[in-house]
Structures are given as C-alpha cells and as structure tokens.
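Some notes on the structure that comes next.
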Amino acid sequence: MSRWYEPHEQWPRHQKPWWRETIDAARSAGWHLQTVEGHAWGRLVCDRDADKPCKIAIFSTGTGGESAALTARRNIERCDHHAAAEAGQVQFKAVGLLDRAEALLEAAGRCLQAAGRRAEAEELLRGAATAVDEAEKLAQAVSREEDSDRLVVEAFAVLPEGSELGCPPTAAEVGVLIVSASTHADEAQQLTDSLPTGSPADALKARIEQVRTRVTDLSSHLERGWNANGASSA
C-alpha cells in the first residue's frame, strides 16, 4: 500500500540518518513523498502536477546508501521545478513551529498534572484524623506522588531540544513553555497567511487554532491552580 505526503504533513522517519537528511531537505524544498511497501521505501517527487517532475527513489536497505543519499540531495538542489518550492518551504517552517509549540504545551500540561498530584498528596496527609485514616491517606498520598514523578519524567521526554525545566518544574518555567508555544503559533500564522488558499493552508490554520486554544486552557490552569509552594490544585 502506498501513500502520498505533502510538505506540510509529518513525514515517516527513515531508519538511516543519511536518508533522513535527504528526506528533510526534500520536504523543506517543497517536494512530496510517496511511501511504498517492500525494499523500495518510497520516492521523492518535486512537483506532482509537473509534466516531467524530478523523482528520487529511496530504499530501505542496500549497499551504497550513504552515497546515494548524497547524490539525491544534490539532485534536489539542482531541481528546476521551483513552482511549489517556495510555498513548500513556508509550509515546512510553519509545521516545524507548530510541532515545537505542541511539544511545549504537552510538556507544560504534564507539569501541571504532576503539580496537581503532588498537591493532592499533601492535602491527604494534612487531612488525616485518626491512625487508620492516616494509614489509608498515606497510601493514597504515595500513589499521588508516584503519579507526579511519572508525569514529570514524561514532561522531560516530550520537551523540545533547547527548552529547559527544573526538577521539579516551577510555575515560572511552565509559564515560559506556554508563552513560547504561543509565540511559535503567532510565527506559524504569519507564514501561513502568505500561502495561497487551499487544503495545506487550511490544515495549518486549524492546527494553529488548536494550539491557541490549548495555550488559553493551560494559561488559565496555571493562573488558577499553582500556589506559592509550586503545586497545582487541579
């Protein structure tokens, strides 16, 4: 089964680093990818609407792959079909900004959830009235703290390269993640506004609105729930 990918979409990841570099170069230049099953991993096409577009075959395995990938990158640079290249580059940049924004918001969301679990644990320990009650709530508190630790680990796992978080994260650090995501969405909007109307631009605009909605939700969560001790009540 084969599938076409446009420049603004997320492309599958090739297992070989030299082919990944070539595929990224093609995507940023506005090329399209068709994936196939079998030894031939897929092919790159500069412009699907052109009468005689440039085409590059990509293989999953085989000897001489690094050399073939280098030759392919040179062919991408020499391609004379520039009609879709500029729009493709804009789409690629906008997608990259939105990918980063969504990752930042995912990390921020997990930090807020972690802070909420830790606040629940502290509240359980403060509310114990009897020895039996204390034992039950202590067990619940330990469970909440374990959830909090797991969520922090997950936040670090999705955090984009170049972003920073303390351990445990602070409210200020989470706020920076949310603001950065909002900035990326604004930059993606500026790029998208320069694209011709159609499905790629519409898809990007929909993602931008989703990012902005989550920015608003997480900002409200942060303002509403994080107390002086760095814990969220939600």
Side-chain angles (χ1 to χ4, degrees), residues 1-104 106 158-163 180-181 183-208 211:
M1 180 182 296
S2 66
R3 178 188 166 179
W4 282 100
Y5 292 86
E6 296 189 20
H8 70 279
E9 296 181 299
Q10 188 68 41
W11 287 11
R13 180 182 174 90
H14 198 283
Q15 66 266 35
K16 301 297 184 182
W18 46 83
W19 275 120
R20 289 200 294 269
E21 293 175 3
T22 298
I23 291 169
D24 287 344
R27 184 181 172 205
S28 66
W31 286 46
H32 296 76
L33 169 67
Q34 182 186 29
T35 56
V36 296
E37 294 181 348
H39 179 61
W41 186 85
R43 65 171 180 164
L44 298 167
V45 178
C46 68
D47 185 354
R48 293 175 63 186
D49 297 325
D51 291 335
K52 296 181 180 180
C54 299
K55 300 177 182 179
I56 297 172
I58 302 175
F59 296 95
S60 300
T61 58
T63 59
E66 190 167 0
S67 176
L70 179 59
T71 300
R73 286 200 294 277
R74 290 171 179 164
N75 290 336
I76 292 169
E77 294 170 357
R78 297 189 186 116
C79 174
D80 293 328
H81 301 91
H82 296 302
E86 185 175 352
Q89 290 174 1
V90 170
Q91 293 172 26
F92 179 76
K93 291 177 182 177
V95 167
L97 288 167
L98 291 173
D99 287 347
R100 187 173 180 84
E102 289 167 351
L104 288 166
E106 185 68 23
V158 299
L159 192 68
E161 185 177 352
S163 301
S180 296
T183 300
H184 291 327
D186 291 341
E187 293 172 353
Q189 181 71 65
Q190 293 176 357
L191 292 170
T192 304
D193 288 342
S194 68
L195 294 172
T197 57
S199 56
D202 292 343
L204 288 171
K205 289 177 181 178
R207 284 187 67 186
I208 291 169
V211 167

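Heads up: numbering here begins at 1 and tracks the sequence. Side chains are part of it too, since the values below use all heavy atoms of this structure and drop only hydrogens, waters and symmetry mates.
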Thr192 (side chain) donor-acceptor with Lys205 (main chain) under 3.5 angstrom
no
Can you name the nearest heavy-atom pair linking [X] to [Y], along with the distance?
X      : Y      : result
Gln34  : Ser2   : NE2-OG, 3.6 Å
Ala188 : Ala94  : CB-O, 4.0 Å
Val211 : Ala101 : CG1-CB, 4.0 Å
Pro160 : Ala103 : CG-CB, 3.6 Å

No-hydrogen, no-angle side-chain donor-acceptor test under 3.5 Å, [X] and [Y]:
X      : Y      : answer
Thr35  : Arg3   : no
Arg100 : Ser180 : no
Gln189 : Asp193 : yes

Could you check whether any side-chain heavy atom of [X] comes within less than 4.5 Å of a side-chain heavy atom of [Y], counting everything from C-beta outward?
X     : Y      : value
Pro12 : Leu33  : yes
Arg20 : Lys16  : no
Val36 : Trp41  : no
Leu98 : His184 : no
Ile23 : Trp31  : no
Trp18 : Ser67  : no
Ser28 : Phe92  : yes
Cys54 : Val45  : no

- Query: Thinking salt bridges, do Arg27 and Glu9 make one under a 4.0 Å N-O criterion?
  - Reply: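 No.
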Lys/Arg N to Asp/Glu carboxylate O, Asp202 vs Arg207, below 4.0 Å
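No.
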Any idea how Trp4 and His32 line up, ring-wise: parallel (<30°), tilted (30 to 60°), or perpendicular (>60°)? perpendicular
